[in-house]
Amino acid sequence: MDVRQDIRNVAIIAHVDHGKTTLVDELLKQSGIFRQNEQVAERVMDSNDLERERGITILSKNTAVHYKDVKINIVDTPGHADFGGEVERILMMVDGVLLLVDAFEGCMPQTRFVLKKALGLKKKVIVVVNKIDRPGARPAEVIDEVLDLFIELGADEDQLEFPVVYASAKDGYSSLDSSVREGDMRPLFDSILENIDPPHGDMNGPLQILFSSLDYDDYIGRIGVGRVERGHIKRNEQVVLCKTDGERENVRISKLYQFEGLKRVEVEEAALGDLVCVSGIADLNIGETACDPEKIEPLPFVKIDEPTISMNFIVNNSPFAGQEGKFVTSRNLRDRLFKEVETNVSMRVEETDSTDTFKVSGRGELHLSILIETMRRQGYEFQVSRPKVIMKKENGVLMEPMELLIVEVPEQYVGSVMEKLGSRKGELENMGVRDGGMTHLEFKIPSRGLIGYRSEFMTDTNGNGIINQLFAGYEPYKGDIQTRDRGSIVVHETGESTGYGLFNTQDRGRLFIGPGVPVYEGMIVGECAKSEDVVCNVCKQKHLTNTRASGSDDALRLVPPTTLSLEQCMEFIKDDELLEVTPVSLRLRKVILSKEQRMKQQFRK
């Protein structure tokens, strides 16, 4: 068996916001990738607009640095549970992982998820305790927590002997001693070289490349990102592509690239253990293998966890349809959704009985909302229904997805949080007090109990709480859950909202729009204070008379409207409501716009 000592392949995995992307920034800077005078953005790996705006990693990215004549390929992965599909498949490309843990927060839900996947694939783990300069840091306790987690997840004896590196990615130093507060990233680089296994296999055997990721370039088309598992590959070489459905196809590798820093560099050939990008295969998909024509042996691909939440994407049929979007037809919508599934392996798209409606399933609300936001920025206009959890039957028993919910709140808010989660069928499993007066709560709760809860949680805790969730498998159906207990304020007629109309409506509840906004009959413009829907005329004009009276001509004082974000809109809508999404606007509406038609349907029920 051949071993390549000049390469290490490593992925960085962690819970959201524990500093993965900042750490990659420092590794790139200290390895001399950038010129002295080069302007480098913060979190340089978060390259798309949505990632920069939200401060989270959504897509995994590859980079490479050189240290002591060894090329270290690094893959930065997302930290949010909804993008777990990205992490699962990326682990196929690497030989080891850096498990990043916050020195204050310790092990969080996503730490458990990604570590379980890495241990299951027998990857070597280096634990990096990050943010050791943070006030309240408790590195010794965090290491104990990590060890407990390893044991709980069934790690073998070799895996339990994990090396530990202490670091501050923000200040650019690492050390094997938790008390050090200066230096550089050399101790971490050295630890990678010592502890991560170099790629090994048959260097001169017949070619095998397993594709774990896809990229796209406007000039050269689809690019497959994968790892050479055996043999050599050259540019313009003829290979056989083994598809996931068992078919074989003869293709030619037209261009071959490797990663250097943040760039893809064209190369003539690559060998065992290299992470490569290939172009020239038009219909390449994730999980497929390119083989030598003389010896066709497809490699197994990791099983991706199933989606848990679905929504209907519907062609926009509101009175304002087609006014703001570029792509509005069912064919546009269908093509875009099926294109998404090619790269987003943990998402599913199904056609329904109606040609205008598509059922899209994903890992969670964030997974689906990122798709919706991306599509609206690309000029698509459509409607979506309320998110629903995906139930399944096992041995005749109805099963529903459950979540492990970890909440950290100041002590004074514990009562309201426990009361709300109790009414949503949440069961308290663990409780403790952290330094600094924060109370740590762990619940097991049905996934549907969390739909619409985040905005309530932020209100109940005055924005001081932290909430994290993780899919915890399927359990028998827990019974009905009462979620939103308030009705909607529905528009009476099509027109433009006026200050006078809104002034007369604002006593009914919370408004979502201000004056001068175009509205249509059946559109939702607020949340009613009572449990039933109310129909109001927000376009009402004040009738002018030639009689003057003191007080009647005073300026109308309007309460500032609440502007809902995309996630808040998705959480707000009920089963008989839709969210209309365009590149310019987010509008809430009733499925049946006419008041008479709604009343008839209610009467029939």
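Note that the numbering runs from 1 along the sequence shown for the chain. Computation of the quantities below employed the complete heavy-atom set of this structure, encompassing side-chain atoms and omitting hydrogens, waters and symmetry-equivalent molecules.
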Main-chain N/O of Ala64 paired to Lys71 side chain as donor or acceptor, under 3.5 Å: no
Atom NZ of Lys243: over 12 foreign heavy atoms under 6.0 Å: yes
Minimum-distance pair of heavy atoms, taken over all atoms of Val315 and Thr329: CG2-C, 4.2 Å
Side chains of Gln258 and Asn73, donor plus acceptor under 3.5 Å: no
Close side-chain approach of Leu337 and Phe382, heavy atoms under 4.5 Å: no
Which atom of Met391 lies closest to which atom of Leu398, heavy atoms considered: CB-CD1, 3.9 Å
Identified side chain to side chain donor-acceptor pair (under 3.5 Å) counterpart of Thr582 within the set Glu324, Lys326, Glu381, Arg376: Glu324
pair Phe162-Val146: side-chain heavy atoms closer than 4.5 Å: yes
Parallel, tilted or perpendicular, as decided by the 30° and 60° cut-offs, for the rings of Phe358 and Phe338: perpendicular
Inter-residue atom distance Leu371.CG - Phe313.CZ, 0.5 Å rounding: 4.5 Å
Sub-4.5 Å side-chain heavy-atom contact between Asn312 and Val384: no
Heavy-atom closest contact (Leu579 atom, Met570 atom, distance): CD2-CG, 4.1 Å
Rounded distance (nearest 0.5 Å) linking atom CZ of Arg336 with atom OH of Tyr380: 6.0 Å
Shortest non-hydrogen contact between Val94 and Ala11, atoms and distance: CG1-N, 3.7 Å
Pair Glu350-Ser361, side-chain contact (heavy atoms from CB on, under 4.5 Å): steps then yes or no: CA-CA 8 Å; Glu350 302 162 48; Ser361 309; 4.1 Å; yes
Side chains of Ile309 and His367 in contact at under 4.5 Å (non-hydrogen atoms): no
CA sep, side-chain torsions, deciding dist, call: Met347, Val360, side-chain contact (heavy atoms from CB on, under 4.5 Å): CA-CA 7 Å; Met347 198 169 267; Val360 181; 4.1 Å; yes
Euclidean distance, Ile233 CD1 relative to Leu256 CG, rounded to 0.5 Å: 5.5 Å
Shortest non-hydrogen separation from Val328 to Gly322 and the atoms involved: CG1-CA, 4.0 Å
Closest contact, heavy atoms only, Arg227 versus Pro199: NH2-CB, 4.0 Å
Test item: Thr308 side-chain N/O and Pro401 main-chain N/O as donor-acceptor pair under 3.5 Å: no
More than 12 heavy atoms of other groups within 6.0 Å of Glu247 CD: no
Trace of the salt bridge (charged side-chain N to carboxylate O under 4.0 Å, His left out) decision for Arg230 with Asp292: CA-CA 10 Å; Arg230 186 173 71 193; Asp292 190 309; over 6 Å; no
Donor on one side chain, acceptor on other, Asn316 and Glu580, under 3.5 Å: yes
Flag, side chain of Ser254 to backbone of Ser279, donor-acceptor distance under 3.5 Å: yes
Residue from Glu237, Arg235, His232 passing side chain to side chain contact (heavy atoms under 4.5 Å, CB included) with Glu269: His232
Heavy-atom donor-acceptor pair, Ser191 side chain to Pro187 backbone, under 3.5 Å: no
Polar side-chain atom of Thr352 near backbone of Thr357 as donor-acceptor pair, under 3.5 Å: yes
Beyond-backbone contact of Met399 with Pro476, side-chain heavy atoms, under 4.5 angstrom: yes
Derivation of the side-chain contact (heavy atoms from CB on, under 4.5 Å) call for Ile372 and Met311: CA-CA 11 Å; Ile372 294 169; Met311 294 175 85; 4.2 Å; yes
For residues 200-210, tabulate all N or O donor-acceptor pairs below 3.5 Å that involve a side-chain atom, not counting sequence neighbours.
| unit_1 | atom_1 | unit_2 | atom_2 | d |
| --- | --- | --- | --- | --- |
| His200 | ND1 | Pro198 | O | 3.3 |
| Asp202 | OD1 | Asn204 | N | 3.3 |
| Asp202 | OD1 | Gly205 | N | 3.1 |
| Gln208 | NE2 | Glu297 | O | 2.7 |

Heavy-atom side-chain proximity of Arg334 to Glu351 below 4.5 angstrom: yes
side-chain contact (heavy atoms from CB on, under 4.5 Å) assessment of Leu193 paired with Arg8: CA-CA 7 Å; Leu193 297 194; Arg8 298 290 188 280; 4.1 Å; yes
Flag side-chain contact, heavy atom, 4.5 Å: Phe189 against Val65: yes
Spacing of CZ belonging to Arg448 relative to CD belonging to Glu400, to within rounding of 0.5 Å: 4.0 Å
Side-chain (Thr289) to main-chain (Cys242) donor-acceptor, under 3.5 angstrom: no
Rounded distance (nearest 0.5 Å) linking atom NZ of Lys234 with atom CD of Glu268: 10.0 Å
Side chain proximity check, Leu275 to Met93, heavy atoms < 4.5 angstrom: yes
Asn317 side, atom CG; Leu578 side, atom CG - distance, nearest 0.5 Å: 7.5 Å
Leu100 and its side chain to side chain contact (heavy atoms under 4.5 Å, CB included) partner, picked from Ile126, Asn130, Val129: Asn130
